[in-house]
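All remarks here apply to the structure that follows.
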Amino acid sequence: MSTLSHLRKPAALSLPIAAAYLPLGMALGLFVDSSGLAPYWAPIMGATIFAGSMEFVVVALLLQHQTLPAVFLTTLTVNFRHVFYGLSLPVTRLDPLPAKLYGVFALTDETYSVISSRRGKTLDGHQITGLQILTQCWWVGGTAIGALAGSFIPPSVGGFEFALVALFLVLSAEELLSLEHGEVLVYLALAIVVGAAAHLLSGARVFLPVSLCSYVLLLIAHYFARGQYE
């Protein structure tokens, strides 16, 4: 099988991600340009940071001249969710070592969702790496277009941020339709309730971390209750 035909599937799987990354990357490029930074910083951040929402935060941190500890704590807070789904990244399929390292660096919500989906589970290591490279190219390309076109797009043009919401709705619907165990939906609902309760009772923005922790604990309990550890 030729390399091009081998990468045909990850290329096709990257297209829904491109539909989100291109407009959102353009939004980042526009934000960089409107913030007074040099336009080339947008693709540079896309190539070296590649952390989506964190790149928007980085621009604000740069403008505020924040200290390194503040940058570290902010980054940890924004990307803390990676701790949960990063544990199940199929690094055993990635080979050699540079592919494993890049796989960890280029792990995003969207690529993880695709890799974990019904079609993504059949990808081998080279295809996963190809998917991640393609998705990063879509992102960097979007940031470059946005930065270059910043002076031509009116500020009133909006809606870029909804692209990721639409992508996750489609990926979530596909994953829910392929579920084999209905208990997962119950655990998801319980985790949402616990997260909402913690948010309302504490008055702090703890919905996401509490919900994620609750969901993970429920899945762990389910795992041991079914005796799958044997």
Side-chain angles (χ1 to χ4, degrees), residues 1-26 28-29 40-58 71-72 74-146 163-164 167-168 170-172 174-175 178 212 215-216 219-220 223 228-229:
M1 182 182 296
S2 66
T3 302
L4 289 178
S5 60
H6 191 61
L7 293 177
R8 188 175 302 162
K9 184 174 182 179
L13 291 176
S14 75
L15 293 179
I17 300 177
Y21 275 18
L22 284 175
L24 195 64
M26 290 173 61
L28 174 63
Y40 57 77
W41 280 112
I44 287 178
M45 286 194 297
T48 57
I49 301 176
F50 193 38
S53 57
M54 186 59 208
E55 293 175 48
F56 287 88
V57 178
V58 165
V71 173
F72 171 78
T74 303
T75 304
L76 180 64
T77 303
V78 173
N79 289 330
F80 185 71
R81 64 192 185 280
H82 286 249
V83 174
F84 295 96
Y85 60 72
L87 294 173
S88 58
L89 179 70
V91 291
T92 54
R93 285 189 254 166
L94 301 176
D95 193 63
L97 180 60
K100 295 182 185 293
L101 295 176
Y102 179 74
V104 174
F105 162 75
L107 177 64
T108 64
D109 302 341
E110 298 75 27
T111 53
Y112 177 80
S113 298
V114 171
I115 294 171
S116 302
S117 68
R118 182 171 44 189
R119 290 176 296 172
K121 289 178 181 178
T122 61
L123 297 176
D124 61 28
H126 297 296
Q127 290 175 318
I128 292 175
T129 301
L131 173 67
Q132 291 186 296
I133 291 175
L134 285 171
T135 53
Q136 186 170 15
C137 287
W138 289 125
W139 176 256
V140 174
T143 61
I145 293 172
L164 276 182
L167 173 65
F168 276 116
V170 173
L171 291 174
S172 299
E174 180 183 357
E175 191 66 20
S178 64
L212 287 174
Y215 186 59
V216 171
L219 289 179
I220 293 174
Y223 177 84
Q228 295 178 1
Y229 58 91

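If you're wondering where the values come from, they're calculated on a predicted model, not measured in any experiment.
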Nearest-0.5 Å distance that lies between atom CG in L22 and atom OG1 in T143: 10.0 Å

Distance (rounded to the nearest 0.5 Å) between I133 CD1 and T111 OG1: 12.0 Å

Non-neighbouring partners of A51 that pass side chain to side chain contact (heavy atoms under 4.5 Å, CB included), sequence neighbours left out: I49, M54, N79

Inter-residue atom distance L7.CG - H126.NE2, 0.5 Å rounding: 9.5 Å

Taking every non-hydrogen atom, the tightest pair across G29 and A42: CA-CB, 4.0 Å

F105: partners by side chain to side chain contact (heavy atoms under 4.5 Å, CB included), with sequence neighbours left out: F50, Y102, Q136

Residue list, side chain to side chain contact (heavy atoms under 4.5 Å, CB included) with P96, at least two apart or on another chain: P98, A99

Side chains of L24 and L28 in contact at under 4.5 Å (non-hydrogen atoms): no

E110 and T135, any side-chain heavy atoms less than 4.5 Å apart: no

Minimum side-chain heavy-atom gap V58-M45 below 4.5 Å: yes

Residues T108, Y21; criterion side-chain contact (heavy atoms from CB on, under 4.5 Å); working and verdict: CA-CA 11 Å; T108 64; Y21 275 18; 3.0 Å; yes

With S14 via side-chain hydrogen bond (donor to acceptor under 3.5 Å, both in side chains) - residues at least two apart: W138

S113 side-chain N/O to D109 backbone N/O, donor-acceptor pair under 3.5 Å: yes

Smallest separation among heavy atoms of V140 and A47, with atom names: CG2-N, 3.8 Å

CD on Q127 to CG on L13, rounded to 0.5 Å: 8.5 Å

